Amino acid sequence: MDVSTPLTDFPGVGEVRAKALARLGLHTAGDLVGYFPRSYEDRRERCTIAGAPLDQPVCVEVMLAEEPRLMNIRRGLDVTRMKVVDHTSAMLVSFFNQGYLRQALHRGEEYILYGKVELVGNHRQMTNPHFEPAARPRFTGRIMPVYPLTAGITNHLLAGLVERALEELPPVEESLPEAFRARHRLAGAAESYRAIHFPEDEEALEAARRRFAFEELFYLSLGLALLRERRSRGAGPSFPEADPTGFYGLLPFSLTAAQRRATEEAAADLRSPRPMNRLVQGDVGSGKTAVAAACAWMARQAGWQSAMMAPTELLAQQHFHTLTALLEPAHMTVGLLTGSMRAAEKRKVLSALQSGDIHLVVGTHALLSQGVEFRRLGLVITDEQHRFGVEQRAALAAKANTPGDPADAAPEENFSPNVLVMSATPIPRTLALIIYGDLDVSVIDELPPGRKPVQTFLIGESKRQRLYGFVRAQVQEGRQVYLVCPAVEENPDGAWDLKAVNEYARVLREEVFPDLRVGLVHGKLKARDKEAAMAAFTAGETDVLVSTTVIEVGVDVPNASLIVIENADRYGLSQLHQLRGRVGRGQHQSWCILVSDNRSPDTRARLKVLTETTDGFKIAEEDLKLRGPGDFFGARQHGLPALRVADLNTDTRVLKEAQEAAAGLLAEDPDLSRPEHRPLLERVRRLFDQDPDRFN
Ligand code: ADP
Ligand code: MG
């Protein structure tokens with residue numbers, strides 16, 4: 001047998017099973033060894049019927065005391081029952097919809113059952129246990145792998161095949177140098193493959209898992225570092241004189257130290273002949289917009305245009321207003337381009353972009369449309385990155401290749417503009433390196449001075465009248481209030497307790513606050529109406545804004561001091577944190593009230609996190625624990641390779657060590673060109689091979 005031996009050569013595998021196995025991606029003996037369990041069953045503990053602990057999986061050796069009986073319960077549901085005994089006691093065993101067992105199990109024979117013993121009345125019983133003949137047990141007394149399965153393939157069958165492959169194939173060759181393994185305390189390849197399937201004990205399993213997780217994260221880190229390194233060799237517009245100091249004096253406030261640090265890191269990128277690819281990560285309200293403005297200003301000083309793309313019209317408009325205010329004193333012209341603008345307005349903006357009269361354009365996806373051409377695009381900014389796919393960022397960057405300026409030579413092939421990405425999703429730095437793998441990261445870890453932390457409370461329906469009183473009191477003090485309700489279209493399961501946004505607004509307007517000015521904004525409104533509602537709120541012409549989560553990202557009205565979030569249990573922590581970030585943006589004490597009658601202890605514990613901290617990093621960590629980083633990966637459509645063993649939530653230590661190892665190796669051999677590193681490079685290439693041309 002060798003790694004390419006087809007599975008049909010295995011006893012018990014015919015055409016039908018081979019087809020089923022192929023659905024799992026299993027074709028050869030080698031595939032089996034590389035098919036890792038998704039979990040394990042500890043079948044080492046053997047008990048007697050009387051001595052078995054209740055309700056936890058154990059092995060019990062029994063004799064069948066009678067022939068199995070098949071009973072129909074109703075259409076489509078039958079049960080096969082039998083009495084089993086050992087020297088201590090007897091119990092009833094039931095199998096649902098496994099009528100064939102009548103032929104497989106025989107009175108007087110001995111079997112080992114694996115499952116939970118339950119007490120019903122004062123009778124012990126087991127339901128749907130795994131079983132094997134006591135005379136030839138294969139999986140009893142050991143830790144049993146549990147594989148992802150498909151119809152027609154049982155776990156016992158698959159485990160048997162894997163075990164056979166492991167026994168008959170030559171040991172897996174070691175791919176890591178001896179010294180490297182020793183340095184990082186990594187188990188050998190052959191023993192790790194054995195132990196990941198059939199571990200002797202917990203320690204052996206942990207050692208194998210650690211090796212594979214380390215390997216995965218190591219290759220991933222290497223690959224991402226190589227990508228970064230390669231792109232940094234590309235050509236981009238450089239602004240050799242870039243220096244933000246001249247801009248600081250034009251701002252209405254002085255930047256925080258963290259804002260300055262981020263700005264200066266960006267400035268260094270801009271001065272270099274390589275294109276900038278930087279992520280500015282900062283909690284809500286940390287002042288990312290000012291950093292973006294400083295970059296656009298530096299681009300302008302060097303004679304280049306900038307474009308900022310925002311995920312929603314609302315946000316684009318708001319950035320347009322803020323940036324106009326920030327950049328006007330510097331004599332910069334800011335333009336706006338969104339899908340809902342009139343054709344004539346659009347044409348004016350488009351021609352001003354082409355002529356270079358607009359220095360910074362803010363817009364939505366409309367910026368990506370054909371016909372948007374720049375005279376000289378040198379800086380691309382995307383806000384709230386998690387809303388954009390990488391392709392969109394790239395599409396905007398590609399606009400820099402339209403040779404708008406006849407004075408410029410045709411742009412080089414590998415030309416890309418400077419890219420600045422802003423994100424309010426704070427994630428730990430090690431993770432950022434993976435998730436935003438190909439970007440350099442600046443962190444704004446400080447809020448502008450004078451901010452009072454938002455006070456957060458969790459209340460139930462019974463406090464609703466008091467809540468309304470509080471809203472009114474805030475308005476009487478001259479403040480404004482957001483009331484957030486889940487939108488109709490966000491309610492696929494039609495749960496009755498969700499308040500349809502229109503009805504909710506009507507009740508508030510007509511019955512609860514007839515004397516207050518209540519505005520309404522939701523995703524289904526026409527852009528023009530949305531804009532009008534937001535403008536009225538920003539201008540202080542409405543007191544209360546009823547809204548859906550369209551206000552989640554970025555909206556900035558410093559006079560708003562209270563946000564009420566209905567059905568708060570419906571949202572993820574990070575999303576709630578974003579929503580809460582709409583208040584506490586000015587000098588007023590601000591509040592966030594989460595309304596939920598959900599009594600589930602998990603939900604309450606989750607929401608409690610928000611009442612206890614305003615630290616976005618802590619909240620993101622909690623969120624990550626609860627939801628896993630899969631969301632980040634999915635949302636980014638990054639084409640990052642999937643991780644088989646490593647778990648970014650729990651393997652943070654391994655991740656750090658793997659990243660350091662990758663960095664250390666690249667310091668010695670930056671492009672892995674040394675002959676002894678050839679196999680490594682091959683592995684990295686293979687890991688990224690869903691996206692092969694990235695390494696060509
Ligand atoms: P975010 O990081 O959430 O995008 P913004 O850029 O919208 O934050 O800034 C939040 C608010 O803080 C804005 O009203 C902005 O004018 C203000 N701000 C930003 N930086 C400072 C600063 N250094 N000092 C005082 N206020 C600031
Ligand atoms: Mg923002």
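Just follow the structure's listing: the first ligand is 1, and inside any ligand the first atom is 1. All values reported here derive from a predicted model rather than from experimental measurement.
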Thr289: numbered ligand 1 atoms lying under 4.0 Å from its heavy atoms: 4 (O), 5 (P), 6 (O), 7 (O)
Nearest-0.5 Å distance that lies between atom CD in Gln589 and atom CD in Gln455: 4.5 Å
Pair Gln354-Ser351, side-chain donor/acceptor within less than 3.5 Å: no
Gly285, any N or O under 3.5 Å of ligand 1 N or O: yes
For Asp556, the ligand 1 atoms whose distance to one of its heavy atoms is below 4.0 Å: 13 (C), 14 (O)
Contacting atoms of ligand 1, where contact means under 4.0 angstrom from a heavy atom of Ser254: 22 (C), 23 (N), 24 (N)
Contact check: Gly287 vs ligand 1, nitrogen or oxygen atoms, below 3.5 angstrom: yes
Shortest heavy-atom approach to atom 17 (C) of ligand 1 - which of Arg451, Arg585, Glu446: Arg451
Any side-chain heavy-atom pair of Asn418 and Val380 under 4.5 Å: no
Over-ring placement of Arg260 relative to Tyr248, 6.0 Å and 45° cut-offs: yes
Set of salt bridge (Lys or Arg N to Asp or Glu O under 4.0 Å) partners for Glu264, sequence neighbours left out: none
Numbering as shown, the atoms of ligand 1 that approach Thr256 to under 4.0 Å (heavy-atom distance): 23 (N)
Plane angle bin for Trp591 and Phe470 - parallel if under 30°, tilted between 30 and 60°, otherwise perpendicular: perpendicular
Atom indices of ligand 1, in the order listed, that fall short of 4.0 Å to a heavy atom of Leu255: 23 (N)
Part of Met422 within contact of ligand 1 (heavy atoms, under 4.0 Å): neither
Gln474 and Ser561: side chain donor to acceptor below 3.5 Å: yes
